[in-house]
Protein chains: 2
Amino acid sequence: MPSKPTSIKEIAKIAGVSHSSVSRALRNSPLVNRDKADRIRRIAEECGYRPSAAARSLVTRRSQTIGVVVTSIADPFVAGVVSGIEDIANERGFSVFLANSGVDPAREIRVVHAFEERRVDGIIVTASRVGALYVPLLEQMQVPIVLLNNQHPSQFAHSVMIANVEASREATRHLVSLGHRRIAYIGDRLGFQSDTERLEGFRSALDEAGIPLDPALVVHGDGKPEAAREAMAQLLALQNQPTAVFCYNDLSALGAFRQIADAGLRVPHDISLVGFDDLYISQYLEPPLTTVRQPMRQMGNLAMTTLLRLIAGEGLCQDIKVPGELIVRRSTAPPKENS
Amino acid sequence: MPSKPTSIKEIAKIAGVSHSSVSRALRNSPLVNRDKADRIRRIAEECGYRPSAAARSLVTRRSQTIGVVVTSIADPFVAGVVSGIEDIANERGFSVFLANSGVDPAREIRVVHAFEERRVDGIIVTASRVGALYVPLLEQMQVPIVLLNNQHPSQFAHSVMIANVEASREATRHLVSLGHRRIAYIGDRLGFQSDTERLEGFRSALDEAGIPLDPALVVHGDGKPEAAREAMAQLLALQNQPTAVFCYNDLSALGAFRQIADAGLRVPHDISLVGFDDLYISQYLEPPLTTVRQPMRQMGNLAMTTLLRLIAGEGLCQDIKVPGELIVRRSTAPPKENS
DNA sequence: ATATGTGCTGACCACGTGTGCAGCCACGGC
DNA sequence: GCCGTGGCTGCACACGTGGTCAGCACATAT
């Protein structure tokens with residue numbers, strides 16, 4: 001049975017002053033006598049007083065609260081980003097509402113409504129897509145929004161993104177420079193922004209090298225291991241197998257890796273593998289995965305500081321692009337002699 | 001610039017009624033005329049009205065909000081649990097505050113204070129430990145608390161835990177039944193509840209089999225790959241190396257695996273490896289990891305439903321134990337002949 | 001002595017919602 | 001016609017906090 005928490009009034013009664021004075025004392029207003037203020041603060045301390053955020057936000061019209069929407073917190077990339085968001089939020093006195101939207105449209109709507117009712121001061125969306133339902137809903141609640149690695153946002157929000165094109169071009173160049181010419185791409189779902197961009201970088205690196213793009217070598221998963229595994233099976237079934245595969249993300253690489261091993265082939269001896277994200281675990285795989293590092297935590301930090309600036313009313317540059325970093329490990333090597 | 005959201009009063013003005021009637025209509029009270037109520041609801045709908053949770057909770061003394069404390073959301077086990085919590089919360093109209101406590105005591109305090117000010121209806125703690133500072137703080141705020149895989153909680157809270165002893169006993173038995181006799185344990189930090197219990201299960205399985213416990217084969221990491229890697233290095237440096245290793249969790253197994261591979265040895269040919277958790281990725285490792293499955297999502301569900309019952313005022317069984325499930329994959333095999 | 005500050009205080013209202021209570025109207029029974 | 005009753009409605013207050021404003025006591029300047 002939660003007993004009623006102590007309020008500002010009770011402290012006022014104990015101190016023998018009006019509640020206004022207590023309020024002022026606790027907010028360090030100069031409008032109250034120093035000695036009295038000290039005494040009030042001491043009493044509040046002793047009572048274990050904690051101001052009610054609800055009551056405060058009712059009058060200040062600020063909830064000191066932000067909402068974070070993610071497709072799935074179980075995705076390690078997302079978890080890294082959220083961690084970075086939470087760091088800054090906590091430091092700046094904000095609390096964060098976390099909501100998984102999943103792929104259920106009904107749930108997306110519930111989430112947005114919940115955020116509206118909570119009067120969050122801002123929203124960060126980290127999802128592989130922003131559902132069509134979303135956009136108008138988010139637009140209509142007059143709140144700053146920051147998208148992270150998301151659909152092209154300039155329409156209605158600010159954004160933090162990894163430099164997909166440049167990073168995947170560099171990753172592909174790495175494979176080319178090792179001597180590979182039959183290089184495949186295992187993507188996310190067709191049509192997602194970051195997939196399109198990573199494919200573009202892939203394609204441009206091939207162009208540079210004068211390697212024609214074989215459409216059979218571009219296949220699509222869904223950003224998770226299982227679908228990537230099936231996609232890899234398609235590639236292995238080709239008469240003319242690729243000697244290297246660039247994957248949309250590390251989880252996809254993991255699935256591809258599994259399929260390669262099951263087929264009795266070895267990485268990188270038979271097939272080189274490159275991922276994207278540099279998940280925490282990727283350095284511990286055998287062989288350790290060559291990948292593009294996304295500074296997940298820093299990206300989260302960046303999204304949160306950007307949001308805070310927007311909340312503070314500072315209009316600033318729309319889009320922030322973060323460079324990726326190619327991390328070469330042992331899952332890539334020159335192609336076998338005979339291929 | 002966030003324009004003032006529409007309130008119940010404005011709707012009252014439009015509908016030409018008092019704000020009380022609007023409130024009643026929206027809450028489907030029978031105390032208001034059906035036709036009028038319909039009209040009011042229609043107007044509210046058109047205005048895109050969303051009630052203010054702050055104002056409501058001020059009078060109802062319920063925030064429809066819970067707080068979740070985790071050491072690190074980037075830990076995949078934690079992420080799975082949080083996902084399960086959020087599912088139920090969302091379904092039942094609760095929003096969840098997520099807070100990383102990390103290992104910083106100052107931050108732990110900030111987190112608890114924030115939850116107090118937000119007047120959360122309940123708290124779930126998923127941390128490998130509950131800091132000493134924590135206990136009195138959490139205790140004093142009169143709110144139901146559920147611990148998940150945590151210190152022995154009977155003192156001041158309810159709990160959901162994996163059956164550590166039984167599960168790790170079974171895992172160890174598996175190794176014994178394969179013929180291993182020199183089996184090592186790589187633990188979490190010494191003194192943590194779940195580590196102690198898993199070690200106990202490990203020890204009892206050896207007892208059963210009449211295998212004396214070699215103290216040199218019990219080493220400690222911190223539940224993360226890097227420390228486990230160092231722990232594994234200690235084991236490999238032994239004159240009489242183990243033929244199998246049971247790890248506190250999958251992340252530790254990952255680190256151990258890395259060290260084994262770097263030493264030029266193979267899993268399971270030279271050393272068998274067992275983990276704990278069954279992280280999403282563990283089935284995709286090469287070889288796929290034998291491990292104890294913790295139903296992370298369901299444990300999150302369970303913690304949340306338990307908390308909801310407590311919030312509803314139902315006093316119920318203190319502790320819930322969830323059985324683990326041994327998942328045998330290819331990281332375990334009989335020991336080499338010559339050992 | 002009066003006017004003009006200066007430093008502080010408390011009464012009061014507002015924020016948005018929920019609810020007890022009194023009161024209103026219409027209708028039916030006598 | 002009177003009274004009771006049922007169905008509905010609005011007033012008023014409460015929740016806890018922040019801010020505005022008038023006012024008070026006292027010091028200083030004139």
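Letters A, B, ... mirror the listed sequences (proteins, then strands); counts begin at 1. Here the structure is a predicted model, which is why all the values come from computation and not from measurement.
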Checklist entry - Under 4.0 Å between a Lys/Arg side-chain N and an Asp/Glu carboxylate O for B:Asp87 and B:Arg92? => result no
Sequence neighbours left out, cut at 3.5 Å: what donor-acceptor pairs do the side chains of residues 94-102 of chain A make with other protein atoms?
residue	atom	partner	partner atom	Å
A:Ser95	OG	B:Arg118	NE	3.1
A:Ser95	OG	B:Arg118	NH2	3.2
A:Asn100	ND2	B:Ser83	OG	3.3
A:Ser101	OG	A:Val70	O	3.4

Side-chain donor-acceptor distances from residues 48-55 of chain B under 3.5 Å, at least two apart:
residue	atom	partner	partner atom	Å
B:Arg50	NH2	A:His113	NE2	3.3
B:Ser52	OG	B:Ala54	N	3.4
B:Ser52	OG	B:Ala55	N	3.1

Checklist entry - Can you give one letter per nucleotide of nucleotides 16-26 of chain C, going 5' to 3': B for a protein heavy atom under 4.0 Å from the base, S for sugar-phosphate only, - for none? => result BBBBB------
Take the protein atom [atom1] of [X] and the nucleotide atom [atom2] of [N], then report the distance between them rounded to whole Å.
X       : N      : atom1 : atom2 : value
B:Arg62 : D:dC15 : CZ    : P     : 18 Å
B:Asp35 : D:dG7  : CG    : P     : 15 Å
A:Asn33 : D:dA25 : CG    : C1'   : 13 Å

Checklist entry - Under the salt bridge (Lys or Arg N to Asp or Glu O under 4.0 Å) test, which residues partner B:Glu46, sequence neighbours left out? => result B:Arg42
Checklist entry - Judged by modelled atom types alone, do B:Gln193 and B:Asn149 share a side-chain donor-acceptor pair under 3.5 Å? => result no
Next on the checklist: Just to be sure I understand the rule, does B:Val22 reach a base, reach only the sugar-phosphate, or reach nothing, if contact means heavy atoms closer than 4.0 Å?
Outcome noted: nothing
Exercise answer: donor-acceptor pairs, residues 8-20 of chain B side-chain atoms, under 3.5 Å, sequence neighbours excluded:
residue	atom	partner	partner atom	Å
B:Glu10	OE2	B:Ser7	N	3.3
B:Ser18	OG	B:Ser20	N	3.4
B:Ser18	OG	B:Ser21	N	3.4

Checklist entry - Between A:Leu148 and A:Ala303, what is the shortest heavy-atom contact and its length? => result CD1-CB, 3.7 Å
Checklist entry - What pair of heavy atoms forms the shortest contact from B:Phe115 to B:Val68, and how long is it? => result CZ-N, 3.7 Å
Item to check | Angle of first-five versus last-five pair axes in the helix from C:dA1-D:dT30 to C:dC30-D:dG1, to 10 degrees | outcome: 70°
Item to check | C:dA11 OP1/OP2 closer than 4.0 Å to side-chain N/O of A:Ser18 | outcome: no
Next on the checklist: On the nucleotide C:dT9, are OP1 or OP2 found under 4.0 Å from the side-chain N or O atoms that A:Ser21 carries?
Outcome noted: no
